[in-house]
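As the structure is a prediction and not an experimental result, all values here were calculated from the model. Chain letters run A, B, ... following the sequence lines, proteins first and then strands; every chain starts at 1.
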There are 2 protein chains.
Amino acid sequence: MSKALIIDDEQQMRRLLRMVLESRGYEVCEAADGQLGLQEAAFHRPDVVLLDLGLPGLNGIEVLKRLREWSDVPVLILSVRDQEAIKVEALENGADDYVTKPFGTAELLARLTVIQRRRFTRQSAEIVVGALKLDLLHHEASLDEVPLKLTPTEFALLKVLAEHAGRIVTQNQIIKQVWAGQTSDPSEGLRVHINHLRKKLGETGPRIVNEPGIGYRLEEA
Amino acid sequence: MSKALIIDDEQQMRRLLRMVLESRGYEVCEAADGQLGLQEAAFHRPDVVLLDLGLPGLNGIEVLKRLREWSDVPVLILSVRDQEAIKVEALENGADDYVTKPFGTAELLARLTVIQRRRFTRQSAEIVVGALKLDLLHHEASLDEVPLKLTPTEFALLKVLAEHAGRIVTQNQIIKQVWAGQTSDPSEGLRVHINHLRKKLGETGPRIVNEPGIGYRLEEA
DNA sequence: CCAAGGCGTTAAGAAAGTGTAAAAGCAGCG
DNA sequence: CGCTGCTTTTACACTTTCTTAACGCCTTGG
């Protein structure tokens, strides 16, 4: 049985969600603001979090960031309509999916199931893109079964790209994930590391393609 | 079934609109001036408002502003020809679209459908207009599942248009959103970027239609 | 009919972003 | 201290994108 944590300031919404979730066999706990939400998350270790973006005090994005500092728990965002920018920001900061209020219970449950399963399978300690293999557990990379010697940042960078292989990863997303919580400004250095990676990947492996003004994309060879 | 509120001082016009709308299954209420219009809107909570700009007393723009203080209801402006300045002002004050008198009923109904549809769709960080798909998270665009290569400004521009697909976006609105916080004057360059976008969208996809003196409208193919 | 303004289109220069190399900081370590 | 390996900074050539300007077309109004 799964534990769900609801972080929403509206009592009405919490009650509705609790009903829906409990009818599906979830064990439910609630928090009325971000501060409490983080405490609850730390204490109860939920299997999934439902997070309202329009929180008083600590806002939703902040809660998400703090949560992501120590937890991989799947997070479903509850947002009001027409807030595309905020939704995107939430997804970039590690949210797994979101629904816009008002939502149907069927849809809510479907998305919950999806993100929990995804998170489960994603825990595989390997990422494979064509001939490239990343072993997250041992921090080892190989190309055509030949070990690749990567520095820590190179590995982190390649990991971000490989996780979204075939799709564009924004420079901001890269920087957020590779240089998380650091002070120095990596905006210049990113190009250098990309350069190093390309050399190590050589001609045979996946290519790192630049999308000017936007970011990079790892393409299977 | 939808409720429509007609705010127009000409009885003849109200009668015509009522006929057209009721034949389409709308429930109709009327108001002969702005003051009454606001009262009716508050009381009946219509799903769409048809607002004449040439009202006696409280003028159309004023009514729109007051209405927008507490309601998101879609508003369709009824205006006479050659009032570009006023139309622009209305659109920038939250009107959703307009038709110029005299208008065809087909056009009227089409516009009504478009502006009402908007509020309910949209469930992801994607914007879909016919064959066109914009992925805001990855900054990727595709047409018929074929990737489109867009520059950053092209993407931003198309995003603004697509967000309001089927409706007019004034040049000011476009510029504000695409060139937010920049110093240079893009008023000339807008035409160039529109041109580029049109080429990339080709014949098959949605069309970018110009409304002279006002702005642009993205029309589903 | 002409004149004027808005628009589409094109081309070229300006600006911004990118690839690359080399050197300069910065730890850990013998 | 002087290595060594990694990261960051700096510099500059190169590519892509953006802006600007020019011109012709169409529509509107005299």
Novice: Would you classify B/Phe155 as touching base, sugar-phosphate or nothing, given that sugar-phosphate means primed atoms plus P, OP1 and OP2, and contacts are heavy atoms under 4.0 Å?
Specialist: nothing
Novice: Output the single nucleotide from C/dG8, D/dT8, C/dT18 whose closest atom is nearest the side chain of A/Trp179.
Specialist: D/dT8
Novice: Looking only at side-chain N and O atoms, does B/Thr151 come under 4.0 Å of OP1 or OP2 in D/dC18?
Specialist: yes
Novice: Using OP1 and OP2 only, check whether a side-chain N or O of A/Lys199 sits under 4.0 Å from C/dA21.
Specialist: yes
Novice: For the pair made of NZ in A/Lys149 and C1' in D/dT4, what is the distance, rounded to whole Å?
Specialist: 11 Å
Novice: What is the distance from CD of B/Glu154 to C1' of D/dC18, rounded to the nearest Å?
Specialist: 10 Å
Novice: Base, sugar-phosphate or nothing for B/Asn195? Non-hydrogen atoms, less than 4.0 Å.
Specialist: base
Novice: Return yes if a side-chain donor-acceptor contact under 3.5 Å exists between A/Glu145 and A/Ser142, otherwise no.
Specialist: no
Novice: Figure out the CG/P separation between B/Asn172 and C/dG6, and round it to whole Å.
Specialist: 13 Å
Novice: Return yes if some donor-acceptor pair links the side-chain N/O of A/Arg207 with the main-chain N/O of A/Gly202 below 3.5 Å, else return no.
Specialist: no
Novice: What is the distance from CG of B/Leu190 to P of D/dC18, rounded to the nearest Å?
Specialist: 13 Å
Novice: How close or far is atom P of C/dA11 from atom NE2 of B/His196, stated in whole angstroms?
Specialist: 11 Å
Novice: Quick one: does any side-chain atom of B/Asn195 pair with a main-chain N or O of B/Arg191 as donor and acceptor, under 3.5 Å?
Specialist: no
Novice: Between B/Glu219 and B/Arg167, is there a side-chain N and carboxylate O pair less than 4.0 Å apart?
Specialist: no
Novice: Is any side-chain N or O of B/Tyr216 closer than 4.0 Å to OP1 or OP2 of C/dG6?
Specialist: no
Novice: Would you mind reading off the distance between B/Arg198 atom CZ and C/dT10 atom C1', rounded to a whole angstrom?
Specialist: 15 Å
Novice: Between protein and nucleic acid, restricted to nucleotides 10-15 of chain D and to nitrogen or oxygen atoms under 3.5 Å apart, what atom pairs and distances do you find?
Specialist:
unit_1 : atom_1 : unit_2   : atom_2 : d
D/dA11 : N6     : A/Arg191 : NH2    : 3.4

Novice: Return yes if a side-chain donor-acceptor contact under 3.5 Å exists between B/Ser2 and B/Glu27, otherwise no.
Specialist: no
Novice: Spell out, as yes or no, whether a donor-acceptor pair under 3.5 Å connects the side chain of B/Arg14 to the backbone of B/Asp8.
Specialist: yes
Novice: Assuming nearest nucleotide by heavy-atom distance, tell me which of B/Ile208 and A/Ile214 is located more 5' along DNA chain C.
Specialist: B/Ile208
Novice: Rounded to whole angstrom units, what separation is found between the CD atom of A/Gln171 and the C1' atom of C/dA16?
Specialist: 12 Å
Novice: Calculate, to the nearest 0.5 Å, the distance between atoms NZ and CD belonging to A/Lys149 and A/Glu154 respectively.
Specialist: 9.5 Å
Novice: Measure the distance from CG on A/Leu158 to P on D/dC6 and round it to the nearest whole Å.
Specialist: 16 Å
